[in-house]
Amino acid sequence: MLELKNIKYSIIDKKHKTDIIKDISLHIKPGELIVITGPNGSGKSTLAEIIAGIKKPSSGHIFFTSKSSKKQDITNLSITERARQGISYSFQQPVRFKGVTVRDLLQVALTSEEALVAIDDLAIAKLLKDVGLEPVEYLDREVDSSLSGGELKRIEIASVLARQAKLTVFDEPEAGIDIWSFDNLIKIFRKMRKDIKDSSIVVISHQRKIMEIADKIILIDNGKIAKTGPADKMLREIEGKNK
Amino acid sequence: MMDLDQIEADLLKEVANINSIPDGAYNFRLNGKSIGRKSSNNIKVESRPSGDGLKITIAPKTISEVVHIPVIINASGYKETVYNDFYIGEDAEVTIVAGCGIYNCGTDDSIHDGIHRFYIGKNARIKYIEKHYGAGPSKGKILNPTTELFLEEGSYAELEMEQIKGVDSTVRTTKAELRQGSQILINEKLFTHGRQSATSKYEINLLEDNTSANIISRSVARDISRQQFESNIIGLAKCKGHSECDAILMDNGSVLALPALDARNLDAELIHEAAIGKIAGEQLTKLMTLGLSREQAESQIVNGFLK
């Protein structure tokens with residue numbers, strides 16, 4: 001499904017070079033839900049952005065088995081091209097748009113490039129229900145600051161679910177939402193795990209309840225993979241270490 | 001329908017969104033001449049005695065009626081100044097659809113300066129929709145609308161002003177005077193491209209207590225077009241005023257925003273917000289992660305912004 005080979009990412013600021021990702025290789029199989037965890041600043045979000053094509057790695061290669069089921073090197077593909085190949089990405093901080101309604105955004109998300117068909121409200125309403133929002137209340141709302149953090153997050157997740165992507169990457173889905181929305185979020189992830197089939201999900205997260213749903217946990221520290229293993233074993237180790 | 005050619009019919013569709021003769025009262029003006037006019041039981045449409053525009057009288061308690069007064073110019077070099085006066089009776093509730101479309105394929109400037117004055121009676125409510133549109137290869141499509149509103153006690157005016165395409169030069173001036181408890185809401189949408197220039201000037205006088213004004217301007221400046229937004233909300237009593245100017249820059253477009261608040265009463269609460277900048281990178285990124293190309297993402301954002 002997705003293979004990262006010797007990914008490195010550095011930034012140069014005032015002639016000073018900082019290595020954010022030092023050398024990461026990993027392999028994600030179809031049907032797997034993987035949680036990437038680790039301390040703040042360890043490079044997790046950067047890794048998610050590299051997978052989605054938002055950041056280009058300084059070196060290394062990314063291989064992806066796309067919709068056409070052929071493994072290909074996608075290192076140089078743009079965000080748009082990766083999205084069209086079947087990679088979906090959920091923002092940690094959902095983006096706000098003045099004037100773009102929930103309907104507009106989900107319509108874009110649901111429209112596939114091959115078949116430009118009109119999307120009816122029914123499909124959009126279903127998506128909203130799936131993330132616990134009442135469609136009549138939200139369809140015509142603008143995706144702007146009139147929505148709360150929790151509402152924006154649910155709409156963000158709905159836009160990602162709409163893609164029915166082969167690979168979905170969530171960057172800290174729990175960020176900025178209250179405890180009530182959090183329980184709902186866990187429900188959404190449990191359902192995603194159940195319906196995963198041959199697609200894959202990568203979640204950047206610090207939350208135990210999300211890690212519990214994972215098949216595998218990857219611990220990243222200081223730009224490198226510190227440890228990786230099955231979720232239950234990894235959880236015991238991480239918690240043992242913190243005791 | 002009156003005898004219109006294709007260009008005229010297209011202009012009419014753009015500015016007034018009509019394909020046929022509308023229900024209710026109307027006046028259609030083509031190159032300075034009225035080519036169709038009708039009054040209704042409650043709305044009287046007649047020429048001003050001076051012959052340079054219309055006098056429109058709306059009877060008190062008229063409910064949910066619409067009056068259309070579109071203007072079309074397709075004679076290159078045609079210049080006109082038109083005065084339209086609206087007298088809106090107490091407790092009336094009406095929608096007024098104005099707008100001007102210019103098609104200019106010649107070498108001379110075509111200019112329409114429309115001066116609209118609204119006398120809005122006690123507790124009356126109006127919605128005023130004004131669209132401006134230009135087409136044709138000439139660079140001389142010029143519109144300078146002036147709107148003056150006098151709002152009596154408890155009245156309400158909602159203005160939708162839209163200029164989306166093709167007008168080369170425009171200076172829009174809107175002035176309002178508000179009496180006891182009256183309210184005004186202005187929504188402006190502006191898109192300029194090429195070498196166009198557009199200026200919007202607002203002067204809102206909140207003369208008496210419990211008045212309120214809300215001006216919301218959204219604009220996009222493309223290519224090398226230039227926009228200027230000037231607003232002044234003057235609070236002379238216990239009142240609330242809010243203006244918001246949001247502009248997106250593209251290419252080498254430029255925008256000057258000059259918002260002013262003039263509070264002359266201790267109980268005047270006036271707020272201004274202004275934001276000018278290019279399309280936020282993260283907005284483009286988000287739409288690209290949903291499979292849109294950069295160009296598709298830009299147009300989705302701009303269309304939503306100006307919707």
Side-chain angles (χ1 to χ4, degrees), chain A residues 48-49 51-55 67 77-116 119 140 142-145 152 155-156 158-165 167-171, chain B residues 160-164 185-191 214-222 229 242-250 255 257 271-307:
Chain A
E49 288 173 330
I51 296 171
I54 297 166
K55 288 191 171 130
K67 282 178 178 169
L77 291 193
S78 68
I79 303 169
T80 307
E81 287 165 322
R82 291 190 205 195
R84 291 179 181 179
Q85 293 286 347
I87 296 179
S88 186
Y89 171 82
S90 168
F91 283 65
Q92 185 179 131
Q93 302 292 342
V95 180
R96 291 155 203 253
F97 296 89
K98 275 195 178 165
V100 174
T101 61
V102 171
R103 179 190 280 109
D104 295 336
L105 186 71
L106 295 181
Q107 223 151 29
V108 170
L110 278 166
T111 306
S112 85
E113 295 70 34
E114 295 90 48
L116 279 167
I119 305 298
D140 293 313
E142 290 187 11
V143 187
D144 64 9
S145 23
L152 279 167
I155 289 158
E156 172 71 10
S159 76
V160 167
L161 293 179
R163 302 293 299 162
Q164 296 190 309
L167 172 71
T168 307
V169 183
F170 290 89
D171 188 5
Chain B
E160 264 182 35
M161 324 262 232
E162 194 178 298
Q163 180 179 308
I164 298 301
L185 167 65
I186 299 169
N187 267 305
E188 179 188 62
K189 303 278 163 71
L190 180 61
F191 180 91
N214 193 3
I215 305 170
I216 299 165
S217 167
R218 284 187 180 174
S219 71
V220 176
R222 277 204 86 134
F229 173 87
H242 173 252
S243 70
E244 186 182 324
C245 159
D246 259 309
I248 292 181
L249 298 176
M250 297 175 86
V255 175
I271 298 170
H272 177 74
E273 300 171 72
I276 304 171
K278 62 174 187 259
I279 294 174
E282 56 171 17
Q283 293 184 335
L284 290 172
T285 305
K286 170 65 191 168
L287 295 181
M288 285 157 74
T289 64
L290 299 179
L292 297 190
S293 67
R294 176 172 282 270
E295 293 71 29
Q296 289 170 326
E298 274 184 2
S299 79
Q300 177 80 35
I301 292 163
V302 167
N303 290 342
F305 186 69
L306 293 177
K307 193 164 52 190

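Just so it is clear, the values below take in all heavy atoms, side chains as well, and ignore hydrogens, waters and symmetry mates. Residue numbers start from 1 in every chain, and the chains themselves are labelled A, B, ... in the order their sequence lines are given, proteins ahead of strands.
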*Measure B:N303 against the heavy atoms of chain A and call it side chain, backbone, both or neither at under 4.5 Å.*
neither
*Contact check, side chains of B:I279 and B:M250, non-hydrogen atoms, under 4.5 Å*: yes
_Under 4.5 Å from a heavy atom of chain B, the part of A:I54 involved_ = side chain
*Side chain from CB out, backbone as N, CA, C, O: work out which of these in A:R82 comes under 4.5 Å of a heavy atom of chain B, or both, or neither.*
neither
*What part of A:E142 gets closer than 4.5 Å to chain B, counting heavy atoms only: side chain, backbone, both or neither?*
side chain
*Close side-chain approach of B:K286 and A:S159, heavy atoms under 4.5 Å*: yes
*Do any N or O atoms from the side chain of B:T289 and from the backbone of A:S88 form a donor-acceptor pair under 3.5 angstrom?*
no
_Counting neighbours of NZ on B:K278 that are heavy atoms of other residues, nucleotides or ligands and sit closer than 6.0 Å, is the number greater than 12?_
no
*Is any side-chain heavy atom of B:Q300 closer than 4.5 Å to a side-chain heavy atom of A:D104?*
yes
_Side chain, backbone, both or neither of A:F91 within contact of chain B (heavy atoms, under 4.5 Å)_ = side chain
*Using a cut-off of under 4.5 Å on heavy-atom pairs, state which of B:A297, B:S293, B:A280 scores highest against chain A.*
B:S293
